[in-house]
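Okay, structure first, notes after.
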There are 2 protein chains.
Amino acid sequence: MLEDLQQHYGYLFEDELIQEINKVGVVKDIPEGAQLIEIGDYIKSMPLLVSGAIKILREDEEGDELILYFIEQGDTCAMTLSCCLGSAKSEIRAIAETDTKLIMIPVEKMEEWLAKYKSWQQFVLQSYHSRMTELLEAIDTIAFLKMDERLFKYLKDKAMVNHNDVIYVTHQQIARDLHTSRVVISRLLKTLEIEGKIQLQRNNIKVIDL
Amino acid sequence: MLEDLQQHYGYLFEDELIQEINKVGVVKDIPEGAQLIEIGDYIKSMPLLVSGAIKILREDEEGDELILYFIEQGDTCAMTLSCCLGSAKSEIRAIAETDTKLIMIPVEKMEEWLAKYKSWQQFVLQSYHSRMTELLEAIDTIAFLKMDERLFKYLKDKAMVNHNDVIYVTHQQIARDLHTSRVVISRLLKTLEIEGKIQLQRNNIKVIDL
DNA sequence: TTTTATCAGTAACATTAGTTACAGTTCTAT
DNA sequence: ATAGAACTGTAACTAATGTTACTGATAAAA
């Protein structure tokens, strides 16, 4: 774990803090598709993203889903939660988009470190700020883009976080993420293919115009 | 200012902090309709909301607006900004919904107090969390509700923050806030009136079904 | 190999939202 | 008092999105 920490967080945290994280942190390997957080969950530990990517979803009362954004390995924002502090319930669902490696940190330590380490405080505030920005971008996407634009953005984002221009996903799954119907997605995908932006195959889509 | 502070923030902050705020804070009275923050502004002071209400808007490249939420006097979340710390540009526009009284605090102090006062730290984190929740609610509204539901919610929210079931606003202004056209709003308002949920007058709307 | 389930394509239609155009009303300024 | 501006109502139409229904293709299971 120590190498991971030094490699991904060494430039952010002072040595002493890295040591502390090394002491109390628990490494978790999450397979693709596994659910990390469910809506309503109480969060008792905070994940630091070491590698992989996570998909963040919102859901309404009727169970309709909507993707908010992906959290990437490279992101400074490794914080999946706004709820760690204040021990509130999770408002979102988190699913591993790829195989993912996390370091879990107990909430108590989080709060302790806020007072103790300036770099930790900076990190937490910075993470909040990033998540805020991501939420605003999600709003832009939903409010200002039409479905075909949203779809193409989704495909590009997904290709990005998977480091692969071929996306293995069904039309039905896309429809769920974008909160629309399968038929609509099939229709728009076909149009994107005719425009030369993607290539369609059963169970996968190749993004051309990245 | 001291009374305002003690009344609205006394239960949150220790005396010593209240005194500090009293020393460096500047009271600002903002008339209804005045713009507090523009997109792209650098924020050099953070507002504590003492009385009134503020409307938070997002805008895309083409200048299309969209309301995100109102910030109310009663809200624990008096923080209008995610950008104070880290001196980032504002991503949103803030407009006084009613006559509003603020206490402005310089950014330098904000950061200083984070280390110094536990209660301040709690307040900042709590505020981030509230704003997060508000953004998620905004997403729910845009993503999961149809325009007629969004409109009615908007009217109810507006009546709420104005402490008045009669809203003084034109159809065109509503259309701008909800990012649609005036004709659509007029049409849906008429339907709501027929359903007995509102009463329409020139330049004002009475919300019946609060 | 046959059956079954999943997936994708497409047509036809319904609903919602956005646009254009115009008329009538109310307010404001001259 | 009158002209002009702002506001609202409504019709007619277009565009975007959602729904239903059915098809053939492919993959997985029996």
Side-chain angles (χ1 to χ4, degrees), chain A residues 33 59-60 62-67 139-155 158 166-208, chain B residues 33 59-60 62-67 139-155 158 166-208:
Chain A
E59 193 184 76
D60 74 354
E62 276 118 52
D64 298 321
E65 278 192 355
L66 176 72
I67 189 174
I139 288 177
D140 288 350
T141 304
I142 304 164
F144 298 130
L145 298 188
K146 278 191 283 184
M147 192 54 84
D148 56 345
E149 300 171 298
R150 284 178 58 195
L151 173 58
F152 192 49
K153 180 181 187 313
Y154 170 88
L155 295 174
K158 200 159 169 111
V166 181
I167 299 165
Y168 298 89
V169 70
T170 67
H171 299 188
Q172 181 61 65
Q173 287 171 294
I174 299 176
R176 221 174 281 136
D177 280 348
L178 297 185
H179 186 233
T180 178
S181 77
R182 199 272 305 167
V183 179
V184 170
I185 294 298
S186 292
R187 185 158 63 207
L188 295 175
L189 282 173
K190 191 40 83 182
T191 310
L192 285 174
E193 186 176 43
I194 290 166
E195 291 169 357
K197 295 180 179 171
I198 60 172
Q199 277 169 21
L200 295 177
Q201 303 262 288
R202 186 186 171 88
N203 286 319
N204 72 76
I205 300 168
K206 179 167 183 174
V207 184
I208 307 291
Chain B
E59 193 184 76
D60 74 353
E62 277 117 51
D64 298 320
E65 278 192 355
L66 176 72
I67 189 173
I139 288 176
D140 288 349
T141 304
I142 303 165
F144 299 130
L145 298 188
K146 279 191 283 184
M147 191 54 83
D148 55 346
E149 300 170 298
R150 284 179 58 196
L151 172 59
F152 192 49
K153 180 180 188 311
Y154 170 88
L155 295 174
K158 198 156 170 119
V166 181
I167 298 165
Y168 297 89
V169 69
T170 67
H171 299 185
Q172 180 62 66
Q173 287 171 295
I174 298 175
R176 222 173 281 136
D177 280 349
L178 296 185
H179 185 235
T180 179
S181 76
R182 197 273 306 167
V183 179
V184 170
I185 294 299
S186 292
R187 185 159 61 208
L188 295 176
L189 281 174
K190 190 42 82 181
T191 310
L192 285 175
E193 186 177 42
I194 290 166
E195 292 170 356
K197 295 180 180 173
I198 59 173
Q199 276 168 21
L200 295 176
Q201 302 263 285
R202 187 186 171 89
N203 288 318
N204 73 75
I205 299 167
K206 179 166 184 175
V207 184
I208 306 293

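Lettering follows sequence order; numbering is per chain, from 1.
- Look at B:Thr180 and you won't find any side-chain N or O under 4.0 angstrom from OP1 or OP2 of C:dA17.
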Protein proximity profile, nucleotides 6-15 of chain C - base contact B, sugar-phosphate-only contact S, no contact -, cut-off 4.0 Å on heavy atoms: BBBBBBB---
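- Taken to the nearest 0.5 Å, the CD atom of A:Gln173 stands 6.5 Å off from the CZ atom of A:Arg176.
- Contact between B:His179 and A:Phe144 at its shortest, heavy atoms only, is CE1-CD2, 3.5 Å.
- For DNA chain D, the contact window with chain B, defined by any atom under 4.0 Å from a protein heavy atom, covers D:dA6 to D:dA12 in 5' to 3' order.
- Distance check: A:Leu151 CG to A:Ile185 CD1 gives 5.0 Å after rounding to the nearest 0.5 Å.
- Interatomic distance, A:Leu200 CG to A:His171 NE2, rounded to the nearest 0.5 Å: 5.5 Å.
- One finds no salt bridge joining B:Glu149 and B:Lys146 here, because no Lys/Arg side-chain nitrogen approaches an Asp/Glu carboxylate oxygen to under 4.0 Å.
- Interatomic distance, B:Tyr168 OH to B:Arg202 CZ, rounded to the nearest 0.5 Å: 14.5 Å.
- The CG atom of A:Leu66 sits 8.5 Å away from the CG atom of B:Asp140 when rounded to the nearest 0.5 Å.
- Atom CD of B:Gln172 is separated from atom OG of B:Ser186 by 9.0 Å, given to the nearest 0.5 angstrom.
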